[in-house]
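Here is the structure we will look at.
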Amino acid sequence: YPMISDFNWMKRMLSHNVRMPSAVISGYGELLRQELLTPEEQKKAILDICENITYINDLLCLVLEDGTQNEAAERVELGAQLKQMQRYVCEAAKQDSIQIVLYTEKPKMYVSMPQLALMRVFYQLFENAMKYMDGGSQIAVRAYCVEEEQILVVFKNDGRGISEKEASRVFESGFRGSNSNGRAGSGSGLAEIKQIMERYGGSIDASSGKSSGFSVFLMFPKYREEGM
């Protein structure tokens, strides 16, 4: 069954992100069927169809597969994954008037983690944040090289805050803060993130302002070539 904690949010995000690539595939398919394209245009159409199929497949894997499975860590470029995640959630963010800001200290920053697991970490963070944010709010994600072996990612939103006592419990499975106000969810999202981070040698912490703002601090192991 879907691992995303809020089914309605997942449904809304999928409807935004699947509709456009599906339209591209359908449109090019019809042009190919009617043989209306030149040989060069046919090549471009086929490449675009393949790219959009891959995009839909990656999105479905992200949403439906269990990111806690024990897969081998790999070399993943952090900035590229953040930009891809921004693409996945941008339409839902626009609808709610939420601004997303990304910053990486270096052009290329490589972490050691399975790509799908990394994407699920960011997906769950965006999903969790956007459920409790009001229009006109902002999500800022910043990445820094803090030590030779580690990369720090600070995921901060200016939505509704919670107390320090509640912030210390957000990674407990099933825990929901007082700011949930009856909103749909299972309280499993941040617990899953903690499980993924610790499985691959990372760590996670959180802090919150009582009235507004919530920050998550993720420490990722930096990818190191064997023998270095």
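Using a cutoff of 4.0 Å between basic side-chain nitrogens and carboxylate oxygens, Glu41 and Lys44 are not scored as salt-bridged.
Shown here for Gln86 and Ile100, the closest heavy-atom pair between the two residues is NE2-O, 3.5 Å. Closest non-hydrogen pair, Ala80 versus Glu77, comes out as N-OE1, 2.8 Å. When every heavy atom of Leu125 is checked against every heavy atom of Leu218, the shortest pair comes out as CD1-CD1, 3.7 Å. Between Val89 and Met130, the shortest heavy-atom contact is O-CE, 4.2 Å.
Under a 3.5 Å cut-off, the side chain of Asp158 and the backbone N or O of Ser137 do not form any donor-acceptor pair.
Using a 3.5 Å distance cut-off with no hydrogens or angles, the side chains of Gln81 and Gln115 do pair a donor with an acceptor.
Under the ring pair (Phe, Tyr, Trp, His ring centres under 6.0 Å) criterion, Phe217 pairs with no residue, sequence neighbours left out. By the ring pair (Phe, Tyr, Trp, His ring centres under 6.0 Å) test, Tyr28 pairs with no residue at all, sequence neighbours left out.
The 12-atom threshold is exceeded at NZ of Lys222, counting heavy atoms of other residues, nucleotides or ligands nearer than 6.0 Å. Surrounding CD of Glu148 are at most 12 heavy atoms belonging to other residues, nucleotides or ligands under 6.0 Å away. Within a 6.0 Å radius of CD in Glu35, no more than 12 heavy atoms belonging to other residues, nucleotides or ligands are found.
Here the two rings, on Phe126 and Phe155, have centers that are under 6.0 Å apart.
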